[in-house]
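Computed from a prediction, not measured in an experiment: that's the story for all the values here.
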Amino acid sequence: MNKFMTTVEMLDGTIYGPVRVLYADKMKCERAARANEWDLTRDEITLRGFLSWAALTRTGEITMPYEAFIDQVADIAADSVTPEESDPTQAA
């Protein structure tokens, strides 16, 4: 099974991640999308930002509210990786 990983660079140069986006983060994002009328098929950048925020708050890496987080993000990279790619103990 592929894992959805996200890495966030903040304006101050801080890098968070890579951190795995879990099902709970996706469910939180879906609820927020409905409440904010985001289009799950078109608002990819918004959804990627929310998923990153959800994963980072779940892991305790950040505690800031979503809007404050978005204002401080320089860029977000998100990738689906195979289990072999995400486990550095696996031989190439």
Side-chain angles (χ1 to χ4, degrees):
M1 175 181 289
N2 290 343
K3 297 178 180 180
F4 185 64
M5 308 294 288
T6 185
T7 303
V8 178
E9 177 188 8
M10 304 302 281
L11 293 174
D12 68 3
T14 303
I15 304 287
Y16 294 107
V19 64
R20 185 172 180 192
V21 175
L22 298 182
Y23 187 76
D25 304 321
K26 294 173 185 178
M27 293 296 295
K28 184 183 251 184
C29 183
E30 188 175 79
R31 286 190 302 272
R34 270 193 234 106
N36 292 289
E37 298 182 1
W38 299 335
D39 186 329
L40 293 173
T41 63
R42 289 193 334 238
D43 296 333
E44 180 181 339
I45 293 171
T46 299
L47 298 171
R48 186 175 293 183
F50 192 91
L51 285 169
S52 297
W53 173 81
L56 291 170
T57 56
R58 175 183 44 78
T59 60
E61 292 189 57
I62 63 168
T63 58
M64 66 186 81
Y66 172 71
E67 293 298 333
F69 170 76
I70 292 302
D71 288 343
Q72 295 302 311
V73 170
D75 205 1
I76 295 174
D79 298 295
S80 287
V81 296
T82 63
E84 295 79 28
E85 291 174 319
S86 65
D87 184 355
T89 64
Q90 295 291 321

Note to self: Run the salt bridge (charged side-chain N to carboxylate O under 4.0 Å, His left out) test against R20 and tell me which residues pass, sequence neighbours left out.
What the structure shows: none
Check: Looking at residues at least two apart in the chain, or sitting in another chain, which of them share a salt bridge (charged side-chain N to carboxylate O under 4.0 Å, His left out) with E61?
Finding: none
Among all residues two or more places apart in sequence or in another chain, which pass the side-chain hydrogen bond (donor to acceptor under 3.5 Å, both in side chains) test with [X]?
{"X": "R31", "result": "none"}
{"X": "T7", "result": "none"}
{"X": "T41", "result": "D39"}
{"X": "E44", "result": "R48"}

Notebook entry, point to check: Which pairs with one or both residues in residues 10-46 pass ring-ring contact (aromatic ring centres under 6.0 Å, His included), sequence neighbours excluded?
Noted result: W38-F50
Margin query: Strictly by side chain to side chain donor-acceptor pair (under 3.5 Å), give each pair with a member in residues 66-76 just once, sequence neighbours left out.
Written below: none
Item checked: Sequence-distant partners of A68, side-chain contact (heavy atoms from CB on, under 4.5 Å), two or more places apart -> M64, P65
Note to self: Name the residue from D25, V8, T6, I62 that meets the side-chain contact (heavy atoms from CB on, under 4.5 Å) definition with W53.
What the structure shows: I62
Item checked: Remaining members of hydrophobic cluster (4.5 Å side-chain criterion), L51 -> F4, V21
Check: With ILVMFWY side chains joined below 4.5 Å, transitively, what does L11's cluster contain besides itself?
Finding: none
Checklist line | Nearest-0.5 Å distance, CD1 of residue I76 to CE of residue M10 | finding: 8.5 Å
Next item on the list: Rounded to the nearest 0.5 Å, what's the gap from CG on N36 to OG1 on T46? Could you check?
Entry: 9.5 Å
Note to self: Applying salt bridge (Lys or Arg N to Asp or Glu O under 4.0 Å) as the test, list every pair that has at least one member in residues 4-13; sequence neighbours left out.
What the structure shows: none
